[in-house]
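What follows is a single structure, written as structure tokens, with notes after it.
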Number of protein chains: 2
Amino acid sequence: MRLTTRGRYAVTAMLDLALNNECGPISLADISHRQEISLSYLEQLFAKLRQNNLVNSVRGPGGGYCLARSSDAISVAEIIDAVNESIDATSCSGKGNCHNGDICLTHHLWDDLSRQIHRFLSGISLDSLVHQQEVQVVMLRQNDQADANSGCAKV
Amino acid sequence: MRLTTRGRYAVTAMLDLALNNECGPISLADISHRQEISLSYLEQLFAKLRQNNLVNSVRGPGGGYCLARSSDAISVAEIIDAVNESIDATSCSGKGNCHNGDICLTHHLWDDLSRQIHRFLSGISLDSLVHQQEVQVVMLRQNDQADANSGCAKV
DNA sequence: AAATAACCTACTAAATTAGTATGTTATTTA
DNA sequence: TAAATAACATACTAATTTAGTAGGTTATTT
């Protein structure tokens with residue numbers, strides 16, 4: 001089971017995109033600045049997000065990334081799946097060959113857990129995060145701190 | 001968030017103990033043999049399980065480990081907590097200082113997820129695993145394969 | 001033409017996990 | 001009482017994964 005900085009960075013960056021969705025393409029440099037994630041690392045993550053049709057890109061000056069769909073049609077589970085291989089908790093990646101080609105004693109437990117986590121994260125859209133009060137508060141603070149504000153009227 | 005072989009090994013080993021609970025102390029050598037987990041690695045895990053009062057030990061020949069409580073009073077969550085530091089999914093270990101001393105955009109999301117996972121695993125006792133049909137089937141197969149059967153009448 | 005920002009690939013560093021090796025100590029059994 | 005057993009302890013190595021760096025190329029706008 002993998003749920004590390006990588007998945008968290010991806011969700012954070014996508015949420016940043018969602019929050020600034022009205023402002024046209026958002027450059028990774030902006031996200032890097034606001035969320036304090038290394039630019040090069042973001043580029044690697046966005047390569048995967050793009051391959052999985054979660055974002056569209058615009059090259060050249062003024063370019064950047066936009067959400068490929070509306071924020072209520074993108075779940076947290078999809079984002080994590082895109083950058084992490086999976087959120088599967090079994091040792092056999094669900095194959096069921098964890099003990100000498102058969103399932104191990106605890107295979108079903110981890111399988112159930114994986115499903116549970118996936119269901120939870122699938123039920124949470126970027127849009128629902130955007131409308132959480134805590135997220136709003138954090139975003140306002142971040143915008144205050146970042147002088148390099150694009151001037152786009154925030155929601 | 002950590003949920004790796006380590007936690008899985010610990011739960012598997014504890015389940016093995018629960019399944020053989022009637023047979024007196026179970027040696028780590030037996031568990032190592034049945035579950036194909038390195039003996040030395042098991043010793044490290046059981047040191048933690050013992051510190052967390054999940055098992056009692058008996059030294060010397062015929063010794064081994066027993067569950068410290070009845071199997072319906074030991075949850076999977078407790079076992080994982082004992083060997084992994086935690087199953088917390090936040091980057092700040094729940095401290096809430098993930099972004100410049102304040103919470104990050106997605107803090108609450110990971111916090112909720114952690115709680116969700118913990119609730120799920122807390123609700124599953126060793127005893128409930130013992131009585132799952134799949135577990136019974138796997139155990140029977142393992143006992144067939146292992147000639148080094150202690151001769152204890154299995155449940 | 002210059003600047004910008006996506007796009008691409010290979011590499012390094014850090015952290016963590018998994019596993020090994022080598023003992024010591026307590027307890028039972030012959 | 002000696003030998004065998006199995007817990008207990010610690011230090012080390014190997015493997016894997018994550019996180020981050022470096023150094024480019026390509027497309028597009030100004």
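Proteins come first, then strands; the chains are lettered A, B, ... in the order of their sequence lines, and each starts at number 1.
For the OP1/OP2 pair of dA18(C) and a distance below 4.0 Å, the side-chain nitrogens and oxygens of S38(B) include no atom meeting the criterion. Taking 4.0 angstrom as the limit, Y9(B) places a side-chain polar atom (N or O) nearer than this to OP1 or OP2 of dG19(C). Taking only side-chain nitrogens and oxygens, S40(A) never comes nearer than 4.0 Å to OP1 or OP2 of dG20(D). Regarding contacts with the backbone of dA18(C), a side-chain N or O of Y41(B) is found under 4.0 angstrom from either OP1 or OP2. For the OP1/OP2 pair of dC8(D) and a distance below 4.0 Å, the side-chain nitrogens and oxygens of R50(B) include at least one atom meeting the criterion.
Using modelled atom types, one finds a donor on one side chain and an acceptor on the other under 3.5 Å when comparing S70(B) with D72(B). Side-chain atoms of T12(A) and T106(B) include a donor-acceptor pair closer than 3.5 Å.
Where the helix from dA1(C)-dT30(D) to dA30(C)-dT1(D) starts and where it ends, the local axes point in directions that differ by 10°; five pairs per end, rounded to 10°.
Taking only side-chain atoms of S27(B), from C-beta outward, the nucleotide of dA18(C), dA7(D), dC7(C) with the closest atom is dA7(D).
One interatomic measurement links the two molecules: CD of E36(A) to C1' of dG20(D), which rounds to 15 Å at whole-angstrom precision. dG19(C) atom C1' lies 15 Å from atom CG of L28(B), rounded to whole Å. The interatomic distance linking L39(B) (CG) with dT20(C) (C1') rounds to 11 Å, in whole Å. As rounded to whole Å, 16 Å separates atom P of dG20(D) from atom CZ of F46(A). Rounded to an integer number of Å, the gap from CD1 of I26(B) to P of dT5(D) is 17 Å. Rounded to whole Å, atom C1' of dT18(D) lies 12 Å from atom CZ of R8(A). Nucleotide dA6(D) holds its C1' atom 14 Å from the CG atom of L17(B), rounded to whole Å. The separation between L42(B) atom CG and dT20(C) atom C1' is 14 Å, rounded to whole Å.
Between the S32(A) side chain and the I37(A) main chain, a donor and an acceptor come within less than 3.5 Å of each other. With D111(B) contributing its side chain and H107(B) its backbone, the two residues share no donor-acceptor pair below 3.5 Å. S128(B) places no side-chain N or O within donor-acceptor distance of the main-chain N or O of I124(B), the cut-off being under 3.5 Å. Side-chain N or O atoms of R69(A) include none that pairs as donor or acceptor with a backbone N or O of L54(A) at under 3.5 Å.
The side-chain contact (heavy atoms from CB on, under 4.5 Å) test with L105(B) singles out one residue from V135(A), V11(A), V130(A), L129(A), and that residue is V135(A).
Residue whose closest nucleotide on DNA chain D sits further toward the 5' end, between E43(A) and T5(A): T5(A).
Between K48(A) and E43(A) there is no salt bridge, since none of the side-chain N atoms of the basic residue sits less than 4.0 Å from a carboxylate O of the acidic one.
Here the CZ-CD distance, from R8(B) to Q35(B), works out to 14.0 Å after rounding to the nearest 0.5 Å. For the atom pair CG of L28(A) and CD of Q44(A), the computed distance is 11.5 Å after rounding to the nearest 0.5 Å.
Taking 3.5 Å as the limit, the base of dT20(C) and the side chain of Q44(B) contain a donor-acceptor pair of atoms between them.
Remark: R59(B), G60(B), P61(B) in residues 57-64 of chain B come within less than 4.0 Å of DNA chain C through at least one heavy atom.
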